[in-house]
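Each remark here refers to the structure printed beneath this line.
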Amino acid sequence: MSALPQRLGVVGAGTMGSGIAQLGCLAGMATVLYDPVAEALERGAASLRAGLEKGAERGRWSAADAEAAAARLETTGALEDLAGCELVIEAAPERAELKRELFARVSEICPDAVLATNTSSIPVTSLASAAARPELVVGMHFFNPAPLMRLVEVIAAEQTGERALEVATATGEAMGKRVIRATDGPGFLVNRCGRPFYGEALRCVTERIATPAQVDRICRLGGGFRMGPFELMDLVGIDVGFEVAKSFMELSFGEPRWRPSPLQARMVAAGRLGRKTGRGWYEYGDGPYRPEDPEPPAPGGGEGRALAVGGDGPVAELLRARGEAAGYAVTRGGAEGEVRLDGRPVGGFVLVPPEPRLVELLGPRDEERERLFSSLGFVCEWVEDAPGGVLGRIVCQLVNEACFAVGEGVGSPEDVDAGMELGLNHPRGPMTWGRILGFDRVLATLDAIWQARREERYRPAPLLLKLAREAA
Ligand SMILES: NC(=O)c1ccc[n+]([C@@H]2O[C@H](COP(=O)([O-])OP(=O)(O)OC[C@H]3O[C@@H](n4cnc5c(N)ncnc54)[C@H](O)[C@@H]3O)[C@@H](O)[C@H]2O)c1
């Protein structure tokens, strides 16, 4: 029997359900879209058809393909119409009891079907136990907007059997997605590995190392992220993020890396939930909520002055190349990370390779350091003096979390990288980033943070220790 279903059921016609049904129709499956709320069903089907038309206009598929796909859609307000489906993907509201009830009922209506859930945070294992045949239950985690995001995370619950995994994988691939495998646990693979982007950003603000707008600018210009953590929190909803953070805490029995931030709680209490309430970390009025990012200056103005850069890591290489381009007389000398201008040591800075357009300068302010780094072609951002600054701390914790996840068998290193790139739009995956920076340097930064904070949160993953030993 082919693993690819001929008849697909989708439960819930909201944001995710209608997108998933669109993918099913396009992949050639007869697709039954169910929603108990008549207007929601109508809205979902309309948005699906609009999506098909828009794709045809943009040349992503032909008008004939869009028409054929639309003809494969059946909508219903009766769950019984899912009979005969070989795969049912559930995208109902994120409430465990509701989903458990649905799984119990659907497993009676189509006893042989594989039942997949699109939940982002409810353990798949707890939903599987509500189905008549738990071995047929699996997680299929799509990302928003489902038709455009190129990733599906397939999650094996404790009870999931081989057939469920095969059907979910074949379906995800037929829908044109990169399918990654994850085990069940807080945030599965993608959201778990993405946690430090928010968690460490919140800590940097709590510790007054930088403001939310600064953290965002540093992540965009220094790290190449499309959006910073705070503007993303505003987009998703600070209340939604806070609930996710609390669920991580609960499911992990208090893992310190995943402790929610009192800052989030305060924003929620104040009703500042982000874009949807007109105010979160930013204010959303008529104009733009933040200024355009500055362009880095062109390197120049070195005038033959002596610039000595120590070490042979990627930061040192980058600085020497920039120094040459800017017209300094560049030499190699001093300890790793040490920079001297005309023989005088230059104060603290953080640059995160491979393509920083911004440098964090660690306070207190001094004009000469700012002039130097501007002349090297960087936008300068002054932050409080702290190991790793903002971006070093965020990126090192992303690498560390990925190492914990891989070491615990949550997913493979390749899948972790694909997950972060395709599911969360990170500029590169954490394992690749770790290799670029050097796992030994990542460990050194984490150790410095640990020394300054003495928090278990900054303990290195066993796999990071191993990779650091190998890299040294
Ligand atoms: N929105 C996202 O970014 C995103 C991303 C990944 C996963 N998810 C998950 O996908 C699921 C759906 O999220 P969404 O954003 O599409 O929500 P949504 O609110 O847009 O859609 C939910 C739909 O379910 C319908 N519904 C209500 N009661 C139902 C029932 N008893 N049975 C079936 N359907 C019912 C509603 O009418 C609505 O149309 C959730 O589990 C969510 O955690 C969401």
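What you are looking at is a predicted structure, and each value in this text was computed from that prediction instead of being measured. Counting starts at 1 for both ligands and their atoms, following the listed order.
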- Assess whether atom CD of Glu455 is packed by more than 12 heavy atoms of other residues, nucleotides or ligands within 6.0 Å. yes
- Answer yes or no: are there more than 12 heavy-atom neighbours, outside Glu42 itself, under 6.0 Å from its atom CD? no
- Query: Can you check whether Trp433 reaches Met420 side chain to side chain, under 4.5 Å on heavy atoms?
  - Reply: no
- Test: Arg290 and Glu231 ion pair at under 4.0 Å: yes
- Message: Regarding Glu200 and Arg203, does a basic nitrogen lie under 4.0 Å from an acidic carboxylate oxygen?
- Response: no
Taking 4.0 angstrom as the limit and counting only heavy atoms of [X], give me the atoms of ligand 1 inside it, by number and element.
| X | value |
| --- | --- |
| Ala13 | 39 (O) |
| Val11 | 33 (C) |
| Thr119 | 41 (O) |
| Ala40 | 37 (O), 39 (O) |

- Spell out, as yes or no, whether a donor-acceptor pair under 3.5 Å connects the side chain of Glu94 to the backbone of Ser121. yes
- Query: Does some non-hydrogen atom of the protein lie less than 4.0 angstrom from atom 19 (O) of ligand 1?
  - Reply: no
Protein contact of [atom] - nearest heavy atom, named by residue and atom, plus distance:
| atom | answer |
| --- | --- |
| atom 43 (O) of ligand 1 | Glu94 OE1, 2.8 Å |
| atom 38 (C) of ligand 1 | Asp35 OD2, 3.5 Å |
| atom 22 (C) of ligand 1 | Ala91 O, 3.8 Å |
| atom 21 (O) of ligand 1 | Gly14 CA, 3.2 Å |

Contact check: [X] vs ligand 1, nitrogen or oxygen atoms, below 3.5 angstrom:
| X | answer |
| --- | --- |
| Ala92 | yes |
| Glu90 | no |
| His141 | no |
| Met16 | yes |
| Asn118 | yes |
| Lys99 | yes |

- Message: I need the minimum non-hydrogen distance between Arg272 and Ile238, along with the two atoms involved.
- Response: O-CD1, 3.5 Å
- Task: Verify the ring-centre separation between Phe230 and Tyr198: is it less than 6.0 angstrom?
- Result: no
- Query: Are Glu250 and Trp258 linked by a side-chain donor-acceptor pair shorter than 3.5 Å?
  - Reply: no
With backbone taken as N, CA, C and O and side chain as the heavy atoms from C-beta onward, which portion of [X] lies under 4.0 Å from ligand 1: side chain, backbone, both, or neither?
| X | value |
| --- | --- |
| Val37 | side chain |
| Leu41 | neither |
| Pro36 | side chain |

- Arg257 to Phe404 six-membered ring, cation-pi geometry met (6.0 Å, 45°): yes
- Query: Between Phe248 and Arg192, is there a cation-pi geometry (under 6.0 Å to ring centre, at most 45° from the normal)?
  - Reply: no
- Message: Nearest non-hydrogen contact with atom 24 (O) of ligand 1 belongs to which option: Pro93, Ala96, Ser18?
- Response: Pro93
- Message: Parallel, tilted or perpendicular, judged at 30° and 60°: which one describes the rings of Tyr289 and Tyr284?
- Response: tilted
- Item | Whether Glu101 lies under 4.0 Å from ligand 1, heavy atom | no
- Any heavy atom of Phe142 sitting closer than 4.0 Å to ligand 1? yes
